[in-house]
Colleague: 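Okay, here's the structure, questions in a sec.
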Amino acid sequence: MADNARAKRLADLIREVVAQKLQRGIKDPRLGSHVTITDTRVTGDLREATVFYTVYGDDEERKAAAAGLESAKGILRSEVGKAAGVKFTPTLTFVMDALPDTARTIEDLLDKARQSDEKVREASAGATYAGEADPYRRPGEDETEPETEADETDDTAK
């Protein structure tokens, strides 16, 4: 069983080798400059590596890039084996990274929240307080004391 530091180093190496090979070594038009390697994870036994990628483009380009990566998997694995120098070269699995879609969803939700805040701000622009602006009593202010029954009887007697 390998330690986590070794798996992390191997994952970093795989990410760099795959990115360089995609950029310079593979002539597949489906894997143009619009494929980006975002992350790589290696299992603890160093046998399997998952490579996360994003594709700049529409769904058709994403499907074409996925097919191109599957067809180039053998070449990429042999390049990783040459660079890593490990006893067993990990198998590569390519997974579309969901981070851009998640970020887009969060941005949409934040836009909705900003619009809602703007509507509330517009509605409260001319509003006033229901009571006084400062409803709290402070010591030392003139306080009108309610009249008691004794005061009322004195007034009637006069």
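Worth saying up front: this structure is predicted, and the values here are computed from it rather than measured.
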Colleague: How far apart are the closest heavy atoms of Tyr56 and Glu61, and which atoms are they?
Modeller: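 Tyr56 and Glu61 have their closest heavy atoms at O-OE1, 3.2 Å.
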Colleague: Is the closest basic N to carboxylate O distance between Asp12 and Arg15 below 4.0 Å?
Modeller: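 Yes.
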Colleague: Calculate, to the nearest 0.5 Å, the distance between atoms OG1 and CG belonging to Thr40 and Leu13 respectively.
Modeller: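 Taking OG1 in Thr40 and CG in Leu13, the distance rounds to 9.5 Å.
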Colleague: May I ask you to test the Thr36-Asp97 pair for a side-chain heavy-atom distance under 4.5 Å?
Modeller: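 The answer is no; the side chains never approach within 4.5 Å.
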Colleague: Say whether Val18 and Met96 are linked into one hydrophobic cluster, either directly or through other cluster members, by side-chain heavy-atom distances under 4.5 angstrom.
Modeller: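 Yes; tracing contacts between hydrophobic side chains, which count when under 4.5 Å, links both residues.
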Colleague: Should Asp59 and Arg62 count as an ion pair when the cut-off is N to O under 4.0 Å?
Modeller: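 Judged by the 4.0 Å cut-off on N to carboxylate O distance, Asp59 and Arg62 do form a salt bridge.
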Colleague: Just verifying a value: how many Å separate Arg41 CZ and Thr93 OG1, rounded to the nearest 0.5 Å?
Modeller: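 Here the rounded value is 13.0 Å.
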Colleague: Hey, what do you get for CD1 (Ile14) to CD (Glu79), rounding to the nearest 0.5 Å?
Modeller: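 Rounded to the nearest 0.5 Å, the CD1-CD separation comes to 13.0 Å.
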Colleague: Under the criterion side chain to side chain contact (heavy atoms under 4.5 Å, CB included), I'd like the reasoning laid out for Arg114 against Leu110: C-alpha separation, chi angles, the key distance, then a yes or no.
Modeller: CA-CA 6 Å; Arg114 284 186 199 106; Leu110 288 173; 4.0 Å; yes
Colleague: Once side chain to side chain contact (heavy atoms under 4.5 Å, CB included) is applied, do any residues pair with Glu118, and if so which ones, sequence neighbours excluded?
Modeller: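 Arg121, Glu122.
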Colleague: State the OG1-CG distance between Thr54 and Asp39, to the nearest 0.5 angstrom.
Modeller: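 So the OG1 of Thr54 and the CG of Asp39 are separated by 11.5 Å.
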Colleague: Quick one: do Glu70 and Lys73 make a salt bridge, cutoff under 4.0 Å?
Modeller: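 A salt bridge links Glu70 with Lys73.
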Colleague: Could you give the distance from CZ (Phe94) to OG1 (Thr50), rounded to the nearest 0.5 Å?
Modeller: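 Going from the CZ atom of Phe94 to the OG1 atom of Thr50 covers 10.0 Å.
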Colleague: Leu92 versus Leu69: any side-chain heavy-atom pair under 4.5 Å?
Modeller: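 The answer is no, as the side chains (C-beta and beyond) never meet within the 4.5 Å cut-off.
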Colleague: On a heavy-atom basis, which atom in Thr43 and which in Ala7 lie closest, and how many Å separate them?
Modeller: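 Here Thr43 and Ala7 meet closest at O-CB, 4.2 Å.
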Colleague: Between OG1 of Thr89 and CZ of Arg47, what distance do you get to the nearest 0.5 Å?
Modeller: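 Output value for this atom pair is 10.0 Å.
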Colleague: So, for Pro90 and Arg77, which heavy atoms are closest and what is the spacing to 0.1 Å?
Modeller: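 Result for this residue pair: O-NE, 3.2 Å.
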